[in-house]
Amino acid sequence: MMSKQQNEEFDRFGFQVGKSNDQAKHDDINTSKQKVTNLDQSLSKKSFVQEALEEEAQDQGRLEDGKESNFYFKRWLMIEKHSLLWASVSIILGVVEYEMEFQKSDPTLVKSLLYILSFINLIIVIVVISAYKAYLDYFISRKIISMDETLISSGLYKSLIFELIMVLPHPNILFYQVDQVMFSDMLGKEFTRQYNDWWNLFNLGKLVLIIKYIFVSSKYYSARAHRICTMYGFQPSYIFVVQSMMRNDSFGFTVGFFITSLLSFSHAIRLSERPLVQIATDFTYDTWNQSIWNVLVTMTTVGYGDVYPRTTTGRWIAFIMCFFGIFSTSLFVIACNSVVETSSLEIKALSTVKRLQSRSQVRWMAATMLARLAKASRKKEIPVHDVLSIRGIINDFKAQRRDYESLLDDTSTIHEEFHRMIVGCLEEVRSFTKSHSRLSDIFDEVRLRFHIMQELKPID
């Protein structure tokens, strides 16, 4: 039986326990409410972030679709290929038309060629405009510019106008057999030139489309190259393509540039100087050999002086040729330098080969020196010339040894590299063995606890 005091203490203790339990339940409820509130706030923040990202994806933050951009790039490249083909046909037909008009061939055939050239030129203009529209669509697909951009607002109209100025001139029927009287300062005589000669000269401006296609069809201007360059914070340009070509195939680029310049300037200088055949007989540009020779000696900065332009137009063309010749010569120097320049790995290999050869030479000279000393030691008196010879061998041996030691200093980096590689491998092996030993200890402990639990019996 409990006393009255014990009953009061028991009731007080039970009240305190009940009170503490109620307080704990209240705290748990508050904690749960706080967790729910935090969860709601995080969800609201997450939804806010998602909304912001969705708005950014709709308005600004456009993620590029690789398949879509590749499609638009291939479409643009296909249109550029058509411009290349039509420009090549126009230049070739222009050369044929010039020969026929200069030699006063069948007028019907010449006029037909002029009509065909005008039709081809119209096609080229349409293709060039379509190419720029396709290029704009490609940039829109890459999310670089907005969908509301046009050729004018995007700034592409400047390049479009330049290309149209370069491709619009062509020989046409309006100037067929229309002559222009000109005067040669050097010869002091008048001669006639056909107006279509000027248009054939400007028809070479379509080379811009050919060069452009060579650049845009290279791997350095592909859709993948655009994405990679964007990752590094810039857009690929034609200058970037030229730099990449010079770095990877400098000789190919230089030879292609030189041959293109040679043929183009040969035709241009022939167009400007050939009419002088009417008043001059000493040297004329009636054949391609003469014009090619003149361009060759000018672009290589040789300048023999046996052939030179004697019209104002020809002199301006020769002036432009000089700059192209300087540029092509510089490209050849860069190409030759890239061939003879050795890489870091080639330098290390060369140093190793030289070190091995020097070591063999040191061994051979040491053996020679010891043999001469042994031979001289058998003699009672050593002749003076033998002494001088032995001294010379010793000096050569010392010099060769110093060279070998200097090569050892040069190739010490190789040994250091191997040492670092071996040390790294050993550290990886040690770390693996440590982790393996820790895992084995953990497995042993788990196995021991499992056996202990199996041996223990449940208590009723």
Side-chain angles (χ1 to χ4, degrees), residues 218-220 225 228 232 239-259 299-302 325-433:
S218 67
K219 60 184 178 181
Y220 311 110
I228 293 173
Y232 286 95
I239 301 297
F240 172 74
V241 176
V242 172
Q243 293 172 346
S244 303
M245 287 181 174
M246 284 298 298
R247 180 177 291 273
N248 293 286
D249 189 12
S250 55
F251 264 110
F253 179 81
T254 305
V255 171
F257 174 81
F258 185 79
I259 292 176
M299 288 190 65
T300 54
T301 67
V302 176
I326 295 171
F327 184 66
S328 62
T329 304
S330 303
L331 291 181
F332 269 115
V333 172
I334 295 172
C336 294
N337 186 36
S338 64
V339 171
V340 299
E341 186 178 0
T342 56
S343 62
S344 58
L345 295 177
E346 291 173 344
I347 292 174
K348 290 181 180 180
L350 179 62
S351 300
T352 304
V353 171
K354 289 174 64 177
R355 179 176 59 84
L356 294 175
Q357 291 178 350
S358 180
R359 185 174 64 180
S360 301
Q361 189 71 16
V362 167
R363 289 179 177 177
W364 180 80
M365 293 185 70
T368 304
M369 181 183 65
L370 292 175
R372 293 295 299 272
L373 289 173
K375 185 177 179 181
S377 64
R378 297 192 189 99
K379 298 180 181 179
K380 295 181 179 179
E381 294 182 1
I382 304 175
V384 178
H385 64 275
D386 287 346
V387 174
L388 296 176
S389 177
I390 292 171
R391 286 181 179 177
I393 292 173
I394 293 173
N395 292 331
D396 293 340
F397 171 74
K398 291 180 179 179
Q400 188 66 33
R401 186 177 178 181
R402 284 194 296 269
D403 293 340
Y404 176 65
E405 290 175 353
S406 64
L407 289 173
L408 283 178
D409 294 336
D410 294 337
T411 58
S412 60
T413 55
I414 300 176
H415 301 291
E416 292 175 359
E417 268 185 44
F418 279 116
H419 179 70
R420 284 196 297 268
M421 291 171 62
I422 292 171
V423 170
C425 292
L426 290 176
E427 288 179 355
E428 290 182 0
V429 171
R430 291 194 190 100
S431 62
F432 177 76
T433 53

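As the structure is a prediction and not an experimental result, all values here were calculated from the model.
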key: Pairwise side-chain contact, T254 with M246, heavy-atom cut-off 4.5 Å (strictly under)   = yes

inquiry  = What's the separation between atom CG in L331 and atom CD1 in I326, rounded to the nearest 0.5 Å?
reply    = 12.0 Å

ask   = Any side-chain heavy atom of F258 within less than 4.5 Å of one from T300?
value = yes

ask   = Does the side-chain contact (heavy atoms from CB on, under 4.5 Å) test come out yes or no for Y220 and N248, once each step is laid out?
value = CA-CA 11 Å; Y220 311 110; N248 293 286; 3.1 Å; yes

key: Q361 CD to S358 OG distance, which is reported to the nearest 0.5 Å   = 7.5 Å

query = To the nearest 0.5 Å, what is the distance between OG (S218) and CG (D249)?
reply = 12.0 Å

ask   = Rounded to the nearest 0.5 Å, how far apart are CE of M245 and OG of S250?
value = 12.5 Å

task = Mind checking the CZ-CZ spacing from R363 to R359? Nearest 0.5 Å is all I need.
result = 5.0 Å

ask   = Looking at CG of N395 and CE of M365, how far apart are the two atoms once the value is rounded to the nearest 0.5 Å?
value = 9.5 Å

inquiry  = Looking at G325, is its backbone amide N or carbonyl O close enough to the side chain of S328 to form a donor-acceptor pair, meaning the two atoms are under 3.5 Å apart?
reply    = yes

